[in-house]
Amino acid sequence: MTDFKQRIFSGVQPSGNLTLGNYLGAIRNWVTLQKTYESIFCVVDLHAITVWQDPAILRDATREVAAGMIASGIDPKECIIFNQSQVPGHAELAWIFNCVARMGWLNRMTQFKEKAGKNRERASVGLYVYPDLMAADILLYKATHVPVGEDQKQHLELTRDIAQKFNNDYGTDFFPITEPLILGEATRVMSLRDGNAKMSKSDPSENSRINLTDDRDTIARKIRKAKTDSEPIATTLEGLEGRPEAKNLMNIFAALSDRRAEDICAEYGGQGFAAFKRDLAELSVSVLGPITEEMKRLCDEKTYIDQILKEGSEKARIISEPILKDVHNIVGFLQS
Ligand code: TYM
């Protein structure tokens, strides 16, 4: 691997299909960043089981996420791609961070509140301490930067708090204070059916999201069916305030075409949504079609994917083991 000074770490859960949100908010940016940062990308299976997963489905979903990363352009020769459970250091460091993070900090996590819902008492303990594991993922490699979508911002603030408290408690500057990288025109892709809800793999409505397993026809149909409103398209982005569905489609268009949302408003402003949607459907199919097809092909190559994950885990262990050893030493664990 090339010797870069700065290191990125990021992850995706293998719990359901990869969506356009995962692609535009995260994976697409990783493809660009891999050229300038030492890059570690993780399929976070330990995170996935905070909500029960069928074991056979989890195995396939883990391969599918890895296939999605590679099909999107992550180069397994230049980057590390692995699944979290093959590197035991993640769970070990998470335990240490469980002892550093405060209950009050975790109580503020909005994602836990959303996921646990009214049934908080029945949520797994893992779901509650999930952000500590996420901090461990990042700091196990002393990653300096973490590229994510906007929904992960609060978790990254917690990661910074944990690093800071660890450093203070033990009188060290061992852990870096990680910078989030929230990049692009679509940092929060919304549901195609409801512009106020995040596009998510767990939404019961299939039409709310584009999956990276959808074929070309399905992608085009979902865009054509996406909810809009009856007003003409505004000529500026500010003109779309209060119109969440229209704004979301504009951001998707911008991100997929590598253009500014402002410029697309200027181009389509004053018209209805028919031509805009037709062009967005065509654009989506031309960008996503080759990725979804390559991903499908790779999903049939289980041995190849398993080999990449195995080699990635070995490389990840080589980086993380000395770091974890230093942590043991700092904390005061006897080592033979
Ligand atoms: P996950 O699996 O929910 O999502 C993976 C990545 O996709 C981004 N994303 C979105 N971006 C824009 N719009 C959306 N609708 C959308 N949906 C998802 C997420 O922001 C994320 O970047 N906790 C993390 C996984 C994780 C992780 C880590 C990330 C575990 N350890 C360490 C970074 C560093 C999660 O559940 O992501």
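Throughout, numbering of the chain's residues begins at 1 and tracks the sequence. Start at 1 and go down the list; that is how both ligands and their atoms are numbered.
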Between T218 and D215, is a side-chain hydrogen bond (donor to acceptor under 3.5 Å, both in side chains) present by the stated rule, with each step listed?
-> CA-CA 5 Å; T218 311; D215 60 25; 2.5 Å; yes

E321 and K325: CA distance, side-chain angles, deciding distance, salt bridge (charged side-chain N to carboxylate O under 4.0 Å, His left out) verdict = CA-CA 6 Å; E321 274 168 6; K325 206 166 184 281; over 6 Å; no

Let me see the working for Q13 and D45 under side-chain hydrogen bond (donor to acceptor under 3.5 Å, both in side chains), right down to the final yes or no.
-> CA-CA 6 Å; Q13 289 198 57; D45 47 10; over 6 Å; no

Kindly determine whether H90 and F97 satisfy ring pair (Phe, Tyr, Trp, His ring centres under 6.0 Å), including the steps that lead there.
-> CA-CA 10 Å; H90 290 255; F97 287 168; over 10 Å; no

Check step by step if salt bridge (charged side-chain N to carboxylate O under 4.0 Å, His left out) holds for K227 and D194.
-> CA-CA 7 Å; K227 190 176 165 199; D194 173 1; 5.7 Å; no

Please walk me through it: do F174 and Y170 pass ring pair (Phe, Tyr, Trp, His ring centres under 6.0 Å)?
-> CA-CA 9 Å; F174 185 73; Y170 293 101; over 10 Å; no

Trace of the ring pair (Phe, Tyr, Trp, His ring centres under 6.0 Å) decision for F41 with F9 | CA-CA 6 Å; F41 301 119; F9 180 97; 8.3 Å; no

For the pair Q86 and N83, evaluate side-chain hydrogen bond (donor to acceptor under 3.5 Å, both in side chains) and give the outcome as yes or no after the intermediate values.
-> CA-CA 6 Å; Q86 293 206 60; N83 60 311; 2.8 Å; yes

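Residue, atom and distance of the protein heavy atom nearest to atom 6 (C) of ligand 1 are A26 CB, 3.7 Å. For atom 31 (N) of ligand 1, the nearest non-hydrogen atom of the protein is D137 OD2, 2.6 Å. In terms of protein heavy-atom proximity, atom 13 (N) of ligand 1 is nearest to V189 N, 2.8 Å. D151 OD1, 3.3 Å is the protein heavy atom nearest to atom 19 (C) of ligand 1. Counting only heavy atoms of the protein, atom 25 (C) of ligand 1 lies nearest to G11 O, 3.6 Å. Looking at atom 28 (C) of ligand 1, its nearest protein heavy atom turns out to be M134 CG, 3.4 Å.
The heavy atom nearest to atom 12 (C) of ligand 1, considering only L46, V43, T187, is found in T187. Relative to atom 24 (C) of ligand 1, the option among Y130, F9, Y23 with the closest non-hydrogen atom is Y130. Between atom 4 (O) of ligand 1 and the options N22, D203, V12, L133, the minimum heavy-atom separation is to N22. Of the listed residues (H155, R209, Q152, K153), the one carrying the non-hydrogen atom nearest atom 3 (O) of ligand 1 is Q152.
Note on L106 and L133: separate hydrophobic clusters, where clusters join Ile, Leu, Val, Met, Phe, Trp and Tyr whose side-chain heavy atoms are under 4.5 Å apart, directly or indirectly.
Note: no N/O pair closer than 3.5 Å links V44 and ligand 1 by distance alone. Residue-to-ligand polar distances place G21 within reach of ligand 1: an N/O pair is separated by less than 3.5 Å. Ligand 1 has no N or O atom lying under 3.5 Å from any N or O atom of T19, backbone or side chain. An N or O contact shorter than 3.5 Å links Q13 to ligand 1 by distance.
Residue M199 approaches ligand 1 through these ligand atoms, each under 4.0 Å from one of its heavy atoms: 15 (N), 17 (N). Close contacts of ligand 1 with G25, meaning ligand atoms under 4.0 Å from a residue heavy atom, involve 11 (N), 12 (C). Annotation for ligand 1: atoms under 4.0 Å from non-hydrogen atoms of K198 are 15 (N). Distances below 4.0 Å separate heavy atoms of I138 from the following atoms of ligand 1: 32 (C), 34 (C). Within ligand 1, the atoms closer than 4.0 Å to a non-hydrogen atom of V146 are 33 (C), 34 (C), numbered from 1 in the order shown. Below 4.0 Å from some heavy atom of H47 lie the following atoms of ligand 1, by number and element: 30 (C), 31 (N).
If you look at M190 next to ligand 1, there are no close heavy atoms at all, none under 4.0 Å.
Judged by the shortest distance from any of its heavy atoms, K201 lies inside the 4.0 Å radius around the atoms of ligand 1.
At a threshold of 4.0 Å, the pair E185-R259 does not count as salt-bridged, since none of the basic side-chain nitrogens sits closer than that to a carboxylate oxygen.
Residue E282 qualifies as open at atom CD: its count of foreign heavy atoms under 6.0 Å is 12 or below.
What you find for G21 and M199 is that their closest heavy atoms are N-SD, 3.7 Å. S320 approaches L140 most closely through the heavy-atom pair CB-CG, 3.5 Å.
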